[in-house]
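Down below is the structure, laid out as structure tokens.
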Amino acid sequence: MSFSWCMIVAAVLIGHFGFNLSIYNRMNAFGWPRRTVKRLTKVFFVFTLLFPIGMLVFYHDLILDLLYGRPESIPIPIIVQIYGWVCLATWPLFGIPWLLWRPIFGLEWVRAKRQTEVVDVERVLSRSLSLSKKCQWESRLPLNQIFELSIEEIELPVVGLPDALDGYRIAQLSDIHLTGDVHADFSRYAVERATRWRPDLMALTGDIIDSSPCIDWLGSIFGGAEARDGCFYVLGNHDTRVVDSVQTRTAMDQAGWTDLGSRGLSMPIRGLPCLLIGNEHPWYRRPEISQTSGESFRLLLSHSPDQFQWARQHHVHLMLAGHTHGGQGRLPLAGPLLSPSFHGSRYASGDFYRAPTTMHVSRGLSGTHLMRINCRPELSLLTLRSIHHDDART
């Protein structure tokens with residue numbers, strides 16, 4: 001066999017999967033209607049799987065000739081040549097950046113002290129949390145961690161944090177995804193643990209509701225939440241699945257939470273003028289915020305980490321996000337592959353810094369896909385620490 005042609009065919013095949021994975025990740029970052037995204041996702045999923053099979057079925061003689069070093073015996077169709085070059089181009093265009101941003105290299109990552117407590121919520125509550133047959137079946141699959149809540153106490157360095165806010169405590173919840181598959185007690189337990197921590201502020205960064213009947217659960221889940229300076233939320237892309245998101249906002253308001261969606265709220269925190277901002281773009285409109293207006297501290301709640309650049313342009317000190325679920329699964333060393341973001345899996349979860357903004361991305365609590373592999377659901381308990389610019393990165 002021709003070793004060089006074997007390598008080329010392997011490179012094309014890997015590039016094919018990488019190319020379609022990159023499209024999938026970025027396609028899910030747009031604010032397109034759900035039906036459009038789901039249809040396109042199915043098309044690309046089918047193409048990703050069937051293209052190699054189709055090539056093997058229809059061009060098996062060609063492939064064998066290539067592997068045995070006889071490429072001249074059968075002409076290569078022009079469309080196959082073009083797509084082969086596209087797949088090879090995926091290596092430098094997407095592969096090299098993907099490799100550079102792997103968590104193991106720590107580029108733009110923030111050095112943060114972290115204490116983690118893993119709680120098997122089903123065992124603690126002594127009851128099944130699966131409400132549907134789908135959830136009952138998937139929750140029993142090997143390696144699935146959907147009910148293993150990771151409670152992560154993080155001392156997060158924030159560049160530009162005023163000394164008066166050193167030690168400020170924020171409990172972040174994200175991606176609740178009330179679908180009706182998982183019992184409300186799972187999310188309720190996370191809220192109770194967050195409240196027990198006695199935070200100064202509680203933040204919820206979107207994707208609360210997937211199914212309209214679950215709106216009735218919001219009061220019992222979130223009504224008991226307490227934080228000295230208040231509990232604040234924004235919505236995400238899955239919240240658009242409820243025909244009228246006003247119902248979700250009304251229920252959260254009645255539960256005692258403050259809607260930050262698409263606006264800024266000025267308020268004093270520890271005697272300092274601060275601005276709390278909600279950014280739900282691209283599924284709802286962006287807030288109209290001046291780039292500078294003299295606040296001592298700016299905190300942004302954004303569903304998607306794709307608003308990182310917007311945060312930087314608007315001099316946000318700390319941005320909290322979710323949306324990516326940590327990729328739903330993480331490979332050893334390589335980290336996640338899937339991530340609905342313009343940046344791919346670059347900001348799938350963790351702590352990041354690009355001047356002047358520090359960003360924490362939560363893996364969230366749940367999802368419509370009931371599989372989590374090496375990627376436990378997360379409750380983030382953040383203690384903010386003042387830090388100098390030069391000491392921010394790992």
Donor-acceptor under 3.5 Å (Gln145 side chain, Asn374 main chain): yes

Listed partners of Asp185 passing salt bridge (Lys or Arg N to Asp or Glu O under 4.0 Å), at least two apart: Arg127, Arg188

Flag, side chain of Asp181 to backbone of Ser132, donor-acceptor distance under 3.5 Å: no

Note, Tyr284 side chain near Thr240 side chain (heavy atom, < 4.5 Å): yes

Single-linkage hydrophobic cluster Met267~Leu299, side-chain heavy atoms < 4.5 angstrom: yes

Atom CZ of Phe47 with >12 non-hydrogen neighbours under 6.0 angstrom: yes

Given His177, His369, His238, the one that forms ring pair (Phe, Tyr, Trp, His ring centres under 6.0 Å) with His325: His177

All salt bridge (Lys or Arg N to Asp or Glu O under 4.0 Å) counterparts of Arg270, not counting sequence neighbours: Asp200

Connected via hydrophobic side-chain network under 4.5 Å: Phe186 and Met371: no

Worked verdict on Leu300 versus Thr357 for side chain to side chain contact (heavy atoms under 4.5 Å, CB included): CA-CA 10 Å; Leu300 171 65; Thr357 304; over 6 Å; no

Met7-Phe17 co-clustered via ILVMFWY side chain contacts under 4.5 Å: no

Full working for side chain to side chain contact (heavy atoms under 4.5 Å, CB included) between Leu204 and Phe222: CA-CA 10 Å; Leu204 171 54; Phe222 295 103; 3.9 Å; yes

Partners passing side chain to side chain contact (heavy atoms under 4.5 Å, CB included) against Phe30 (at least two apart in sequence or in another chain): Trp32, Phe342

Heavy-atom neighbours of Glu226 CD exceed 12 at 6.0 Å: no

Cluster link Val86 to Leu13, ILVMFWY, side chain under 4.5 Å: no

Heavy atoms from other residues, nucleotides or ligands near NZ of Lys113 exceed 12 (cutoff 6.0 Å): no

Taking every non-hydrogen atom, the tightest pair across Leu149 and Leu365: CD1-CD2, 3.6 Å

Heavy-atom side-chain contact between Leu21 and Leu338 under 4.5 Å: yes

Closest approach of Thr205 to Gly322 (non-hydrogen atoms, all atoms of both residues): OG1-N, 4.0 Å

Partner residues of Ser362 under the side chain to side chain contact (heavy atoms under 4.5 Å, CB included) criterion, sequence neighbours left out: Gln172, Ser174, His360, Glu378, Ser380

Residues Ser302 and Asn279: side-chain donor-acceptor under 3.5 angstrom: no

Close side-chain approach of Leu178 and Leu218, heavy atoms under 4.5 Å: yes

Check: Arg285 main-chain N/O paired with Ser262 side-chain donor or acceptor under 3.5 Å: yes

Pairs satisfying side-chain hydrogen bond (donor to acceptor under 3.5 Å, both in side chains), at least one member in residues 35-52, at least two apart: none

His314 side, atom NE2; Arg286 side, atom CZ - distance, nearest 0.5 Å: 8.5 Å

Matching residue for His16 among Tyr83, Trp91, Phe94 - test: ring pair (Phe, Tyr, Trp, His ring centres under 6.0 Å): Tyr83

Sequence-distant partners of Asp259, side chain to side chain donor-acceptor pair (under 3.5 Å), two or more places apart: Arg249

Side chain proximity check, Leu301 to Leu276, heavy atoms < 4.5 angstrom: no

Rounded distance (nearest 0.5 Å) linking atom OG of Ser366 with atom CD1 of Ile208: 13.5 Å

Between Asp229 and Tyr168: side-chain donor-acceptor atoms closer than 3.5 Å: yes

Partners meeting side chain to side chain contact (heavy atoms under 4.5 Å, CB included) with Val12 (sequence neighbours left out): Ile8, Cys87, Leu88

Phe297 side chain reached by Leu161 side chain, heavy atoms, under 4.5 Å: yes

Contacts of type side chain to side chain donor-acceptor pair (under 3.5 Å), residue Arg346, not counting sequence neighbours: Glu108

Between CG on residue Leu173 and CG on residue Asp207, distance to nearest 0.5 Å: 13.0 Å

Side-chain touch Ile170/Leu318, heavy atoms, less than 4.5 angstrom: yes

Shortest non-hydrogen contact from Leu272 toward Pro162: CD1-CB, 3.6 Å

Heavy-atom neighbours of Arg123 CZ exceed 12 at 6.0 Å: no

Heavy-atom pair with the smallest gap, counting every atom of Leu235 and Ser245: CD1-CB, 3.9 Å

Euclidean distance, Cys375 SG relative to Asn144 CG, rounded to 0.5 Å: 11.0 Å

Donor-acceptor pair between Arg241 and Ser212 side chains, under 3.5 angstrom: no

Non-hydrogen atoms of Ala190 and Leu379 that approach each other most closely: O-CD2, 3.6 Å

Validation row: Trp137, Leu370 side chains within 4.5 angstrom (heavy atoms): no

same_hphob_cluster(Leu333, Leu337) at 4.5 Å side-chain heavy-atom cutoff: yes

Results of salt bridge (Lys or Arg N to Asp or Glu O under 4.0 Å) for Asp166 - residues two or more places apart only: Arg385

Output field: ring centroids Trp109/Phe352 closer than 6.0 Å: yes

Distance-only polar pair, side chains of Asn25 and Ser339, donor-acceptor under 3.5 Å: no

Separation between CG of Leu201 and CD1 of Ile269, rounded to the nearest 0.5 Å: 6.0 Å

Atom pair CH2/NE2 of Trp217 and His183 - distance to nearest 0.5 Å: 7.0 Å

Partner residues of Trp197 under the side chain to side chain contact (heavy atoms under 4.5 Å, CB included) criterion, sequence neighbours left out: Glu153, Arg169, Ala171, Pro199, Leu381, Thr383

Neighbour count >12 (heavy atoms, 6.0 Å) for atom CZ, Arg198: no

For Trp283, ring-ring contact (aromatic ring centres under 6.0 Å, His included) partners two or more places apart: His303, His323

Main-chain N/O of Ile209 paired with Asp239 side-chain donor or acceptor, under 3.5 Å: yes

Closest approach of Pro157 to Arg111 (non-hydrogen atoms, all atoms of both residues): CG-O, 3.2 Å

Partner residues of Tyr233 under the ring-ring contact (aromatic ring centres under 6.0 Å, His included) criterion, sequence neighbours left out: none

